[in-house]
Protein chains: 2
Amino acid sequence: MRLSARSEYGLRALAALAGREAAEPVPLRQLAQSEGLSEQFLEQIFMELRKAGFVSSTRGAHGGYSLTRPAEEILIFDLLETLEGDLAPYECVATDQPECMQVPFCVTRQVWLKLRESMQQAIGTMTLAEIAAGRTWETASR
Amino acid sequence: MRLSARSEYGLRALAALAGREAAEPVPLRQLAQSEGLSEQFLEQIFMELRKAGFVSSTRGAHGGYSLTRPAEEILIFDLLETLEGDLAPYECVATDQPECMQVPFCVTRQVWLKLRESMQQAIGTMTLAEIAAGRTWETASR
DNA sequence: TCAATCATGAGTGACTCACTCAGGATTCCA
DNA sequence: TGGAATCCTGAGTGAGTCACTCATGATTGA
Ligand code: FES
Ligand code: FES
């Protein structure tokens with residue numbers, strides 16, 4: 001029951017990207033170095049993020065990545081769904097799953113559903129801007 | 001971000017066990033067959049549950065497993081912690097973890113904390129009796 | 001033209017998961 | 001007293017996943 005390193009790296013790097021208010025695109029190398037991450041691995045991650053529409057890239061010298069929307073409009077929930085795949089604690093309750101045949105008899109489904117729902121609520125309103133600024137700190141730490 | 005089959009099998013089998021009100025211990029074979037699970041694998045799981053104090057075993061002919069407490073007093077949260085290990089979305093916020101060195105600068109910790117907290121709340125009051133009876137069905141499914 | 005950057009795909013070693021296999025120990029009952 | 005039923009223990013294994021690395025190509029700006 002752990003999130004992958006992809007998710008951590010992705011969130012970190014995006015937060016760093018959001019931190020730079022510049023309109024200029026930021027090269028991946030800078031993000032990787034400032035966060036101490038593998039450049040090549042981060043590249044993979046940013047490809048996903050680009051395909052999902054969170055960042056755009058400009059090639060060539062002075063190229064790099066930039067956010068396509070202001071950080072205030074990017075939900076952590078959406079990011080994690082992209083980075084991590086469906087945020088479901090069990091296959092049976094994944095959103096892309098056909099209705100499970102065991103539904104009528106199943107005692108565990110209610111547990112998975114409740115877990116999923118609570119996770120969605122927890123990060124459904126958190127934005128990239130918030131975590132970049134660290135502002136939800138107090139409320140998040142109970 | 002998936003729970004393991006151990007958790008599913010464990011919950012299922014325990015719910016089945018709770019379903020039989022008999023004072024007699026129930027042999028593992030019956031539980032495994034009624035739920036369609038591998039007997040040997042379920043055995044491993046029940047060893048853990050025994051060591052964690054949720055069930056007790058009686059050996060020999062007419063032996064089997066029984067709950068040590070009424071199902072109403074067994075929290076799903078505790079079961080999942082036993083079956084799944086620490087219910088933390090990231091190592092850094094596992095309870096057995098020493099305080100993470102990056103805490104002061106870390107932008108992701110708040111996300112992990114919020115996720116963990118919400119999961120705990122979601123299943124912190126669910127009991128084995130409830131899921132065995134399927135009574136939380138309506139509330140769990142939104 | 002060349003350096004900086006993104007783009008793409010294949011490969012890999014370590015690890016985990018969901019089991020199986022093999023055999024032993026304890027207890028009840030005929 | 002013997003054997004059947006059950007729990008107990010530990011080792012092994014094939015498939016899959018994870019967190020990367022490697023190699024190479026494409027695009028752009030100076
Ligand atoms: S496994 Fe799908 S309903 Fe329980
Ligand atoms: S990784 Fe531990 S505080 Fe962020």
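Lettering of chains follows the sequences in order, A, B, ..., and the numbering in each one begins at 1.
The side chain of A:S38 places an N or O atom within less than 4.0 Å of a non-bridging phosphate oxygen (OP1 or OP2) of D:dT21. Residue A:S57 has a polar side-chain atom (N or O) positioned under 4.0 Å from OP1 or OP2 of C:dA7. Close to C:dA18, at under 4.0 Å from its OP1 or OP2, lies no side-chain N or O of B:Y9. Phosphate proximity of D:dC8 to B:R50: present, with a side-chain N or O under 4.0 Å from OP1 or OP2. Taking only side-chain nitrogens and oxygens, B:T58 never comes nearer than 4.0 Å to OP1 or OP2 of C:dT27.
Of the candidate nucleotides C:dA18, D:dA11, D:dA26, D:dA11 has the atom lying nearest to any side-chain atom of B:Q44. Relative to the side chain of B:F41, the nucleotides C:dC6, D:dT9, C:dA18 differ in distance, and C:dA18 lies closest. Checking C:dT27, D:dA26, D:dG29 against the side-chain heavy atoms of A:H62 singles out D:dG29 as nearest.
Judged by distance alone with a 3.5 Å cut-off, no donor-acceptor contact links the side chain of B:E43 to the base of D:dT6. In the interface, the side chain of A:Q40 is paired with the base of D:dC22 through a donor and an acceptor atom under 3.5 Å apart.
Using a 4.5 Å heavy-atom threshold, the side chains of B:F41 and B:R6 count as touching. For the pair A:F46 and A:L14, the minimum side-chain heavy-atom distance is below 4.5 Å.
Residues of residues 84-95 of chain A that place a heavy atom closer than 4.0 Å to DNA chain D do not occur.
B:Y65 comes within 4.0 angstrom of sugar-phosphate atoms only, judged by non-hydrogen atoms across all strands, and of no base.
The closest donor-acceptor contact from the side chain of B:S57 to the backbone of B:G64 lies at 3.5 Å or more, if one exists at all.
Both A:E39 and A:A61 lie near DNA chain D, and the one whose nearest nucleotide falls closer to the 5' end is A:E39.
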